[in-house]
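Have a look at the structure below, then the notes.
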Amino acid sequence: MKITFKLYASLTDYLPPQARGDNRVELEVPSGATIAQVAEPFGLPHKLVHLVLVNGAYVPPEQRATHALVEGDVLAIWPPIAGG
């Protein structure tokens, strides 16, 4: 199945070079793949995976290893953001 995987801010460095310009990559993943299974090959440091959204809906940390994605989902991950 196909999904869109998006990384923001400093996490875009973990995308393939050709995908960094628009911070997204289209992926072919096995049916029922979880958020954790999709993110794992990209080598994202656990401490930098802060905000995880699937189709704009927040997925809490305790559900990321079991939340199964479906065809057409958009998985977006943000690092912690500081400001003031």
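Partner of F42 under the side chain to side chain contact (heavy atoms under 4.5 Å, CB included) criterion, chosen from I77, L27, L11: L27. Considering L53, V52, V59 in turn, V52 is the only one that fulfils the side chain to side chain contact (heavy atoms under 4.5 Å, CB included) rule with L75.
The shortest heavy-atom contact between V38 and P41 is O-CD, 3.2 Å.
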Begin from the C-alpha positions of V29 and L69 and carry the test side chain to side chain contact (heavy atoms under 4.5 Å, CB included) through to its verdict.
CA-CA 9 Å; V29 299; L69 300 167; 5.6 Å; no

Anything under 3.5 Å between a donor and an acceptor, one on a side chain of residues 1-10, the other on a protein residue two or more places apart or in another chain? List them.
residue: T4; atom: OG1; partner: E26; partner atom: OE1; Å: 2.8
residue: T4; atom: OG1; partner: E26; partner atom: OE2; Å: 3.1
residue: K6; atom: NZ; partner: Y8; partner atom: OH; Å: 3.1

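Here V74 is tied to no hydrophobic group at all, with no ILVMFWY side chain closer than 4.5 Å.
Identified under the side-chain hydrogen bond (donor to acceptor under 3.5 Å, both in side chains) test for residues 50-76, with sequence neighbours left out: N55-D73. Residue pairs that meet the side-chain hydrogen bond (donor to acceptor under 3.5 Å, both in side chains) test with at least one member in residues 11-24, sequence neighbours left out, do not exist here. Pairs engaging residues 29-43 under the side-chain hydrogen bond (donor to acceptor under 3.5 Å, both in side chains) rule: T34-Q37 [sequence neighbours left out].
With sequence neighbours excluded, no residue forms a side chain to side chain contact (heavy atoms under 4.5 Å, CB included) with A68.
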